[in-house]
Amino acid sequence: MTGAEGADACDLRAAILAGERSAAETLEASLAAIEERDGELGAFLSVERDTARARAIELDRRRAADPGAAAGALFGVPVAVKANLCMEGVTTPCGSRMLANYRAPYTATCVRRLLDADAIVVGVTNMDEFAMGSSSEHSAFGPTRNPWDLTRAPGGSSSGSAAAVAAGMVPVALGSDTGGSVRQPAALCGVGGFKPTYGRVSRHGLIAFGSSLDQVGPLARSVRDLERILGVISGHDPLDATSLPLPPIEPERPDRPERLDGLRVGVAAEYVGADLDAEVRTAVEAALEKLEELGAEAVEVRLPHTVHAIPTYYVVATAEASSNLARFDGVGFGARTEGDGSLQGMFAATREGAFGDEVKRRILLGTFVLSEGYHDAWYGRALRVRALLRRDFERAFEKVDVICGPTSPTPAFPLGERAGDPLAMYASDTLTVPTSLAGLPAVSVPCGFASGAADSPLPVGLQIIGPALADARVLRVAAAFESATEHHRPAPTSAGDGR
Amino acid sequence: MSEALCREGAAWVSAVTGTRWVGVIGLEVHAQLATNSKLFCSCEVRFGAPPNSLTCPVCTGQPGSLPVLNAAALGLAVRTALAVGADVAAESKFDRKHYFYCDIPKNYQISQYDRPFCTGGGIRLASGRFVRLTRIHLEEDAGKAIHDRGEHTLVDLNRAGVALIESVSEADLETPEEAVEYLEALKEIIRYAGAGEADMEKGQLRCDVNVSVRPEGEAWRTKVEIKNLNSFRHVREALEYEIPRQIEAYESGESARLPRQETRLFDASAGVTRTMRTKEEARDYRYFTEPDLPPITLTEAFVERQRGLLCELPQARRRRYREELGLSEYDARVLTGTREVADYFEAVARLCGRPKEAANWVANDLSRALADPEVAAGSIDELPVKPFDLAELIELVAAGTINTTGAREVLGLMVAGSGSPREIVAERGLEQVDDEASLEAWCREALEGREQVAADVRAGRTKAIGAVVGPVMKASGGKANPQRVREILLRLIAEDDQPRP
Amino acid sequence: MTDPERDLVRHTAALARLELDEAEVDRLAPQFAAILRHFRVLESVEVDDAEPMTGASGVRDVLRADEVRPSLAPDAVLGNAPRSSDGFYVVPKTVGGEE
Ligand SMILES: [Mg+2]
Ligand SMILES: [Zn+2]
């Protein structure tokens with residue numbers, strides 16, 4: 001993207017600070033890559049060329065005026081931001097007709113911190129409507145395509161962010177993960193994607209889907225970039241009452257970062273024994289062997305409630321979503337359809353007209369599980385099963401330091417394949433929702449390839465899960481794995497790429 | 001009320017069947033807490049600002065915004081709970097209550113459902129009846145929907161998100177009068193607790209009523225909820241309409257008229273209640289724990305700190321004023337009218353050690369000054385007369401330095417901001433004159449030509465002396481010691497009676 | 001039509017202020033029923049010794065000081081409103097009397 005093959009955000013910043021290139025040149029390379037590739041990928045909903053250029057010039061000017069002045073941790077780094085993160089004055093459509101023209105009157109804490117670290121926000125990325133989906137097909141603005149195979153889904157709901165990073169349009173992007181929406185698209189697009197411990201990154205300014213599950217997380221092509229971004233966006237925020245009163249996530253710097261001696265890696269039968277695609281299984285088994293080669297010890301663990309994770313997740317997340325999305329009624333913001341002329345008629349007509357099918361399905365489910373007569377049996381019970389799922393992890397982490405397994409049961413699936421079958425779509429999340437329900441940190445890193453149709457390889461992701469607050473440990477394991485493997489290096493080829 | 005019913009004490013008696021009916025009334029009172037900022041955001045709480053000028057992403061429910069609880073609101077709420085003798089919960093949490101309406105921007109209200117911050121407690125009425133409180137909970141206010149301007153409804157969200165406490169009583173009240181008394185008492189407690197001003201005109205106190213009726217001694221029947229009662233008068237009028245309406249419906253025996261579980265609105269201009277929605281249309285609020293707000297621990301230390309900030313409540317103060325200070329019920333009531341006045345009175349009484357005199361000055365002269373529009377003091381604390389000054393004035397009177405007439409004059413000057421009583425007395429030469437020669441001269445002068453008074457006094461009607469005291473005081477410019485004047489006059493009249501040498 | 005699945009969808013949609021047309025009810029009712037059928041497995045989980053887990057961060061007692069900060073300019077908020085006039089949000093005429 002940037003004229004520097006394989007350069008990540010850390011490299012780009014270093015090059016800018018060394019005077020090898022300007023922030024403006026770096027941005028132009030990113031804009032050119034978007035120009036060239038996004039027509040076929042559909043990763044971006046909007047590209048903020050003017051504000052980004054003005055900012056790049058401003059950064060370069062600042063640098064020229066005082067080369068010795070402190071430079072932010074992401075100085076001059078082009079970043080893409082998922083369309084559910086508010087940025088004052090920028091349209092935040094959240095993948096929905098409802099918010100197609102919504103200009104947030106304020107800026108999300110994580111975006112504010114990116115800007116404070118001298119990053120340049122280049123654009124807003126496509127997503128499943130209100131982050132509900134695993135394929136981008138629920139975006140009101142059309143799907144994003146997987147850069148490895150344009151006929152396949154990039155995963156979701158942070159579809160555009162994953163595709164933009166995978167295709168080299170930006171080195172890093174922000175996504176959000178409610179039940180796997182950062183990790184699953186990262187796996188399917190062959191990039192790294194991290195979901196922090198719940199509460200480590202502020203949700204202030206993240207348009208809510210499932211409030212007790214939502215976490216903002218980065219997507220990047222290197223683990224150190226994930227660490228770099230997390231160091232910027234994590235840390236306590238008084239504007240989010242669920243924010244943990246902790247400093248930003250600091251990378252662990254062991255003496256021998258390439259080794260994992262003494263690390264106990266949990267392998268859960270419920271994950272590796274799941275209904276996995278054969279090539280995914282092969283890649284993940286090879287990854288586990290690699291971890292052992294690095295000195296880790298594999299330990300079997302049991303997570304017996306995993307089979308209940310999908311129903312539990314969909315009850316909890318949709319209940320919260322039905323509530324969070326009640327505010328879209330045509331009064332204060334968003335779309336409006338007058339309907340029959342009454343107030344309640346206007347509400348119903350507005351919501352009917354501006355929400356897509358999947359959002360309606362989930363609002364219905366969420367409303368149902370909270371409604372009189374069903375609340376205790378559905379929502380109340382799901383909260384208890386959620387506690388049991390967390391207890392599974394707590395017990396497992398008494399014996400192991402991390403748990404490893406696949407991120408997604410399958411590699412990227414063809415667009416359209418699951419669109420009409422909600423249950424099949426929900427199954428994509430089987431391996432990511434348990435950690436979301438438990439609020440644990442987890443990363444997906446590339447761990448191999450499956451042979452897709454028509455000879456195009458499809459990335460496979462390794463998921464590394466840690467106990468609560470062990471975000472840095474998870475990243476350290478990912479970094480060691482990355483340094484011992486080459487899976488993160490290949491980039492998708494495309495007609496215009498010339499690679 | 002039709003002629004078929006007549007009120008007898010707490011009962012409505014049917015002229016047709018002779019049945020004695022009584023009301024069964026419970027109240028839900030929303031009171032605004034006196035915080036600077038809203039319950040979950042930092043917007044200012046102010047009445048009468050331009051529409052939508054006190055709003056932010058949180059209180060307008062912008063996508064992505066999150067609530068953060070105001071510590072002061074929690075403190076004030078707990079203080080109110082302590083004031084009504086409620087049990088403060090060890091742990092509390094917030095819930096979302098869902099319904100679609102244009103004045104709640106998120107289409108859910110953040111309220112408390114199954115773990116309110118307190119339960120129990122109650123209020124004793126003058127009759128001795130104890131009205132139990134079920135619970136008090138914290139919640140955010142809705143905005144204001146304006147329906148009477150043009151062909152659309154207009155929405156102002158300045159009030160949206162303001163901190164409220166909702167106090168829910170048991171159905172322990174029987175009459176409209178009791179309902180109003182309960183409300184007055186609750187209002188007084190909220191003000192005393194410093195929790196809020198509870199000014200109904202500013203919408204700081206709003207009330208919903210649950211009411212049913214039953215023949216005396218029988219079990220209660222279907223209850224009706226009446227909403228939108230914006231003054232104590234409306235509460236009384238709504239109940240005065242609704243109770244007979246329900247009784248007459250039962251008395252008619254017509255099943256179609258029987259009260260049903262429903263929500264009614266009070267139409268103040270017509271003085272009637274009307275169906276707003278029936279049970280079939282009842283709301284399904286779909287409560288669930290607010291995931292954006294962590295649970296709250298109400299530690300003993302926190303609760304005790306709030307208790308320390310809570311002053312003695314009006315009922316207890318009145319009792320103490322009567323029993324320990326020997327004040328009349330009337331004075332005790334006037335002095336406990338507001339917390340400020342009561343605190344002021346107690347400060348004066350403590351400083352001068354003369355509670356009765358302090359009560360007289362505060363309840364009469366100072367209250368009059370407070371009511372004077374020219375003085376323009378919003379509360380007793382705003383008067384230039386501080387408790388120390390009034391105590392000094394009372395001491396000057398007690399020491400005989402000035403008389404009561406002079407003291408009134410001095411107080412007038414103090415209210416106008418002219419200085420301390422001692423300064424004023426000295427500057428204006430208002431010290432009482434005790435000098436025997438001057439007093440006797442004024443007395444002799446006054447007795448001239450008032451032989452009838454002297455005759456009356458000699459005849460044993462000593463009260464008649466008052467007619468001469470006045471002129472003496474006048475002659476002295478109000479400075480004569482009235483007690484001494486009286487004594488001298490009596491002596492002179494008596495001497496006059498002696499045969500002249 | 002007395003199809004309980006469709007009635008449930010209609011009732012729930014009304015609660016959620018979704019004005020589904022018949023074609024949508026036709027499409028959503030069987031999907032909704034299938035999801036519920038599938039999720040009914042939760043009934044088999046032994047949950048007696050589990051407390052409901054309502055949040056994931058475990059933080060407690062988060063309070064802010066009662067300090068006033070500037071509100072947004074009315075235009076900044078009303079600018080997103082589909083209809084506004086004279087500083088008010090404008091909605092179809094409705095009667096008062098909500099809670
Ligand atoms: Mg209420
Ligand atoms: Zn606000």
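Note that the coordinates shown come from a computational prediction; the quantities given were computed from them, not determined experimentally. All heavy atoms count here, side chains included; hydrogens, waters and symmetry mates do not. We name chains A, B, ... by the order of the sequence lines, and we start the count at 1 in each one.
When C:Glu43, C:Glu46, C:Arg64 are compared by the number of non-hydrogen pairs under 4.5 Å with chain A, C:Glu43 comes out ahead. The most heavy-atom pairs under 4.5 Å with chain C, out of A:Glu88, A:His305, A:Lys360, come from A:Lys360. With chain A as the partner, the residue from C:Thr12, C:Val9, C:Leu20, C:Val62 showing the most heavy-atom pairs under 4.5 Å is C:Thr12. Most heavy-atom pairs under 4.5 Å with chain A, from the set C:Thr54, C:Leu72, C:Leu78, C:Leu8: that is C:Leu8. Listed options A:Arg200, A:Glu338, A:Arg103 were ranked by heavy-atom pairs under 4.5 angstrom with chain C; first place goes to A:Arg103. When the candidates A:Ile363, A:Leu388, A:Val316, A:Leu213 are compared by the number of heavy-atom contacts under 4.5 Å with chain C, A:Leu388 comes out ahead. Of all the listed residues (C:Ile35, C:Leu28, C:Leu15), the one sharing the greatest number of non-hydrogen pairs under 4.5 Å with chain A is C:Ile35.
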Problem - Candidate pair C:Glu24 and A:Asp357, rule side-chain contact (heavy atoms from CB on, under 4.5 Å), full reasoning - result: CA-CA 9 Å; C:Glu24 276 186 294; A:Asp357 259 8; 4.0 Å; yes
Exercise for the section: Give the C-alpha distance, both sets of side-chain angles, the deciding distance and a yes or no for side-chain contact (heavy atoms from CB on, under 4.5 Å) between A:Arg391 and C:Asp49. Expected result: CA-CA 11 Å; A:Arg391 193 184 298 171; C:Asp49 66 337; 3.2 Å; yes
Exercise for the section: Using the side-chain contact (heavy atoms from CB on, under 4.5 Å) rule, take A:Trp378 and C:Leu36 through it: C-alpha gap first, then chi angles, then the decisive distance, then the call. Expected result: CA-CA 10 Å; A:Trp378 285 89; C:Leu36 292 188; 3.9 Å; yes
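C:Val77 has its side chain out of reach of A:Phe333: every pair of non-hydrogen atoms, C-beta onward, lies at least 4.5 Å apart. Side-chain contact check for A:Thr242 versus C:Ser57: some heavy-atom pair is nearer than 4.5 Å.
Annotation for C:Ala56 and A:Gly439: closest pair CB-CA, 4.2 Å, computed over non-hydrogen atoms. Nearest heavy-atom pair, C:Val45 versus A:Arg381, reported as atom, atom and distance to 0.1 Å: O-NH1, 2.8 Å. Residue C:Ser44 comes nearest to A:His308 through the heavy atom pair OG-CE1, 4.2 Å, listed as atom of the first residue, atom of the second, then distance. The minimum heavy-atom distance between A:Gly330 and C:Pro82, with the atom names listed, is O-CG, 3.4 Å. What you find for C:Val59 and A:Ser243 is that their closest heavy atoms are CG1-O, 4.0 Å. Considering all non-hydrogen atoms of both residues, C:Val91 and A:Met346 come closest at CG1-CE, 4.4 Å.
Other residues, nucleotides and ligands place more than 12 heavy atoms under 6.0 Å from the CG atom of C:Asp21. Annotation: A:Asp421, atom CG; neighbour count of heavy atoms from other residues, nucleotides and ligands within 6.0 Å is above 12. A 6.0 Å sphere centred on CD of A:Glu372 holds no more than 12 heavy atoms belonging to other residues, nucleotides or ligands. Counting non-hydrogen atoms of other residues, nucleotides and ligands closer than 6.0 Å to CZ of A:Arg395 gives a total of 12 or fewer. No more than 12 heavy-atom neighbours from other residues, nucleotides or ligands sit within 6.0 angstrom of CG on A:Asn101.
Here the OG1-CD distance, from A:Thr350 to C:Glu19, works out to 9.0 Å after rounding to the nearest 0.5 Å. Separation of atoms CG (A:Leu325) and CZ (C:Arg17) is listed at 15.5 Å; rounding is to 0.5 Å.
For A:Pro422, the part lying under 4.5 angstrom from a heavy atom of chain C is the side chain only. For A:Phe355, the part lying near chain C is the side chain, with the backbone staying farther off; criterion is any non-hydrogen pair under 4.5 Å. Of the atoms belonging to A:Tyr426, it is side-chain heavy atoms, and not backbone ones, that fall under 4.5 Å from chain C. Interface remark: A:Leu423 contributes side-chain atoms only to the contact with chain C (heavy atom separation under 4.5 Å). Both the backbone and the side chain of C:Arg40 come within contact range of chain A, judged by heavy atoms closer than 4.5 Å.
At least one donor-acceptor pair under 3.5 Å links the side chain of A:Arg384 to the backbone N or O of C:Ala50. For the pair A:Arg351 (side chain) and C:Ala16 (backbone), a donor-acceptor distance under 3.5 Å is present. Side chain of C:Asn80 to backbone of A:Gly332: no donor-acceptor contact under 3.5 angstrom is found.
Ring orientation note: the planes of C:Phe32 and A:Phe368 are nearly perpendicular, at an angle over 60° on the 30°/60° scale.
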